[in-house]
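Indexing begins at 1, ligand by ligand and atom by atom, following the structure's order.
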Amino acid sequence: MSTTFTSGEESVESSIDHSQIPMDQEKVDGCLLSVDDEGYETPGKKLPPLVKHNKATAKDCNKKLPENGGSDVAMAEDDGYETGGKKQVLLKPKTGTAKEARKLRGSGSPRAEPSDRKSDRLDDKQLEKLLDEIFVERDSLTDSALHLLRLVPDGYVPLPHQVGGHRHIDGKLGFLRRIGQPHLLYKPVQFGSKGVREVSFYDALYGVSTHLGDPSIFPSLCNSSNNSLLQSILPMYHGLTTIADRAGHKCDHLILEDITHRFTHPCILDLKMGQRVWDDHAHPDKIERELKKYPAQERLGFRITGMRIYKPFTDDYVYYDRYYGRSVTEDTALSAITKFFEVGDGSHRTDVVNCIMDKLTEFINWMEKQNTLSLFATSLLIVYEGGPTPAAGDKQQTQVDIRLVDFAHTYEKERDDTQDANALFGVRNFTQYLEHFLKTAGQ
Ligand SMILES: Nc1ncnc2c1ncn2[C@@H]1O[C@H](COP(=O)(O)OP(=O)(O)OP(=O)(O)O)[C@@H](O)[C@H]1O
Ligand SMILES: O=P(O)(O)O[C@@H]1[C@H](O)[C@H](O)[C@@H](OP(=O)(O)O)[C@H](OP(=O)(O)O)[C@H]1O
């Protein structure tokens with residue numbers, strides 16, 4: 001079995017182990033939100049030992065910047081840390097009893113003691129095992145990625161199906177999955193105001209309060225009694241937790257539903273939406289960077305930030321990264337999108353395209369009505385089951401899920417009488433490509 005990695009410049013073959021992560025569940029308590037019966041981690045569980053780190057200290061990590069106090073400057077540490085948040089962020093009710101609050105905190109939440117022991121890091125054998133679990137070959141990784149992977153917290157693995165965003169295998173602190181909890185993922189809270197904004201968005205939408213969230217950022221959302229439609233197009237949110245890696249860096253993580261977990265062979269496309277992907281408060285340098293990075297964004301209204309497709313005939317995955325996405329122009333967008341539906345035998349998953357079109361119509365209906373939010377740089381995450389193609393006409397068997405993720409640049413509109421034309425343009429344009437595909441390549 002192999003995964004083909006396709007970048008803007010090159011393709012690399014690598015063998016992968018397709019074994020599954022253990023599925024045993026840990027039942028825990030301590031959450032206000034309704035969760036499914038598989039359970040999830042209670043914030044404040046015992047953490048691995050901590051050591052002081054000379055690059056990104058707990059203090060760095062716990063700094064809370066003022067709103068927009070740094071979102072426009074490059075902040076990534078050279079060891080991949082680009083997260084922020086307060087020391088300990090626990091889900092707690094907006095109004096609730098002391099008993100409820102205690103329950104949410106779990107029993108005690110022990111602080112881990114610092115340790116300088118190198119032995120806490122994964123050794124070569126453990127590293128190989130970890131790489132098997134996330135389908136990655138060691139040869140394809142840089143030293144900084146290997147360094148970060150050796151520090152992956154005990155009991156976690158990097159999210160195996162992450163296609164876009166910051167990832168351990170790119171040498172950035174990426175998403176995690178807790179072993180035995182395949183239905184959840186842990187997204188590191190981003191540094192400074194970006195992280196605070198995203199947490200505040202989820203808090204407001206789900207009517208909860210965390211130490212990091214600021215209700216004043218999304219007042220309308222906080223006061224709305226009907227957020228259920230919006231909730232249904234986002235992953236379920238389960239609050240925050242602090243996770244320490246094997247070197248003792250502590251970072252807050254959003255606990256979110258992993259929307260790929262119901263799929264056996266998830267095919268995933270991450271589209272960053274909008275003609276412009278910077279918000280109204282962006283620094284001119286950021287605007288210049290983005291315009292230079294992907295000039296076609298303005299005309300397309302979306303860009304591919306990652307795409308992974310399962311090929312049932314060869315039992316392997318093909319991966320296209322963000323650099324590939326940035327190489328796509330108006331002239332090649334149709335063929336790039338078509339790749340997402342290629343089965344591998346010359347045929348295409350037109351059943352999936354039809355299903356996506358139906359769901360996107362619902363999205364567009366919602367977006368045409370909503371006049372509260374500006375969703376700058378939000379991603380449309382599209383997932384379908386890449387296992388055997390269902391028999392023709394068996395529409396029920398086509399499994400597709402579409403959600404919005406990434407709210408680090410989401411704002412409430414100051415005037416609430418207009419649509420989010422920026423994001424809407426992108427969704428509509430993508431839908432037009434799909435229509436075109438059905439008329440041409442897909443037939
Ligand atoms: N709820 C989810 N379920 C499954 N996968 C997810 C979910 N949220 C995010 N992902 C995975 O993580 C990737 C990155 O997500 P996201 O855009 O939130 O990260 P980010 O680090 O904020 O990205 P960026 O660097 O573009 O700001 C997605 O491409 C997807 O593969
Ligand atoms: O996925 P890509 O194509 O690599 O693009 C990055 C991604 O859009 C990040 O969300 C963004 O950080 P922000 O959330 O701060 O915008 C970063 O901007 P940056 O170049 O300003 O760091 C981009 O480089």
Side-chain angles (χ1 to χ4, degrees), residues 40 71-72 74-76 80-85 134-135 148 157-178 181-199 201-202 205-206 231-238 251-263 266-274 277-279 282 286 289-290 293-294 297 302-309 317 319-326 340 375-385 400-410:
Y40 70 93
S71 64
D72 303 319
M75 283 171 295
Y81 279 77
E82 197 187 342
T83 62
I134 60 170
F135 324 129
L148 264 190
V157 290
L159 187 69
H161 298 302
Q162 186 181 345
V163 299
H166 303 92
R167 304 181 308 165
H168 284 80
I169 56 174
D170 303 321
K172 303 275 179 185
L173 190 64
F175 288 49
L176 294 170
R177 172 188 277 180
R178 192 170 168 82
Q181 294 182 329
H183 61 301
L184 295 179
L185 59 77
Y186 294 77
K187 173 175 178 169
V189 172
Q190 292 184 51
F191 192 81
S193 61
K194 289 196 291 181
V196 172
R197 181 162 291 279
E198 180 158 49
V199 171
F201 176 77
Y202 276 109
L205 185 64
Y206 282 86
Q231 282 175 7
S232 72
I233 57 176
L234 262 62
M236 181 81 185
Y237 171 56
H238 299 293
C251 280
D252 298 315
H253 287 68
L254 294 121
I255 310 173
L256 296 167
E257 168 194 5
D258 180 347
I259 68 156
T260 67
H261 96 274
R262 290 194 180 83
F263 296 80
C267 298
I268 308 166
L269 171 62
D270 180 330
L271 294 173
K272 191 171 284 225
M273 306 308 298
V277 293
W278 60 89
D279 59 53
K286 165 73 177 170
R289 256 198 324 276
E290 289 295 346
K293 191 192 299 177
Y294 193 50
Q297 182 94 34
F302 61 85
R303 81 167 177 255
I304 296 172
T305 62
M307 169 163 83
R308 189 165 175 262
I309 308 117
Y317 287 93
Y319 174 64
Y320 296 88
D321 66 12
R322 59 162 66 78
Y323 303 104
Y324 170 79
R326 290 183 205 165
F340 187 52
L375 300 156
F376 291 109
T378 292
S379 281
L380 199 59
L381 199 58
I382 303 178
V383 185
Y384 76 86
E385 175 54 51
V400 173
D401 200 349
I402 304 182
R403 311 285 181 103
L404 284 178
V405 298
D406 200 353
F407 302 97
H409 299 281
T410 291

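Contact annotation for Val383 and ligand 1: no heavy atom of the residue comes within less than 4.0 Å of the ligand. Only the side chain of Leu381 comes within 4.0 Å of ligand 1, counting heavy atoms alone; its backbone N, CA, C and O stay farther away.
If you number the atoms of ligand 1 from 1 as listed, the ones under 4.0 Å from a heavy atom of Pro235 come out as 1 (N). Numbered from 1 in the order shown, with element, the atoms of ligand 1 that lie under 4.0 Å from a heavy atom of Leu185 read 1 (N), 2 (C), 3 (N), 4 (C), 5 (N), 6 (C), 7 (C). Using a 4.0 Å cut-off to heavy atoms of Glu257, the atoms of ligand 1 that qualify are 1 (N), 2 (C), 3 (N).
Proximity of a side-chain donor or acceptor of Arg326 to a complementary backbone N or O of Asp321 within less than 3.5 Å is not detected. The backbone N or O of Phe175 sits less than 3.5 Å from a side-chain atom of Gln162, completing a donor-acceptor pair. Panel note: side chain His166, backbone Leu173; no donor-acceptor pair is recorded below 3.5 Å. The main-chain N or O of Val163 is found under 3.5 Å from a side-chain atom of Tyr319 such that the two form a donor-acceptor pair. Side-chain atoms of Arg322 do not come within 3.5 Å of backbone N or O of Gly164 as any donor-acceptor pair. In this structure, the side chain of His161 does not engage the main chain of Leu159 through any donor-acceptor pair within 3.5 Å.
The closest heavy-atom contact to atom 25 (O) of ligand 1, among the options Lys272, Gln162, His409, His166, comes from His166. Between atom 29 (O) of ligand 1 and the options Ile268, Asp401, Asp270, Leu404, the minimum heavy-atom separation is to Asp270.
Residue contact check for ligand 1: His161 places a non-hydrogen atom closer than 4.0 Å to it. Using a 4.0 Å heavy-atom cutoff, Lys194 is absent from the residues neighbouring ligand 1. At a 4.0 Å cut-off, not a single heavy atom of Arg403 sits close enough to ligand 1 to count as contact.
Any N or O atom pair closer than 3.5 Å counts here, and Val405 shares no such pair with ligand 1. The distance criterion of under 3.5 Å between nitrogen or oxygen atoms is met by Lys187 with respect to ligand 1. Polar contact check, Gly164 against ligand 1: a nitrogen or oxygen pair lies under 3.5 Å apart. The shortest N or O to N or O distance between Phe175 and ligand 1 is not below 3.5 Å. Considering backbone and side-chain N/O atoms, Glu198 never comes within less than 3.5 Å of an N/O atom of ligand 1.
None of Val405, Leu271, Leu404 except one satisfies the side-chain contact (heavy atoms from CB on, under 4.5 Å) rule with Ser379; the exception is Val405.
The shortest non-hydrogen separation linking His409 to Ala377 is CD2-CB, 4.2 Å.
Contacts of Phe340 classified as ring pair (Phe, Tyr, Trp, His ring centres under 6.0 Å), with partners at least two apart in sequence or in another chain: Tyr384.
Contact check on Glu198 versus Lys194 returns no salt bridge, with no Lys/Arg side-chain nitrogen under 4.0 Å from an Asp/Glu carboxylate oxygen.
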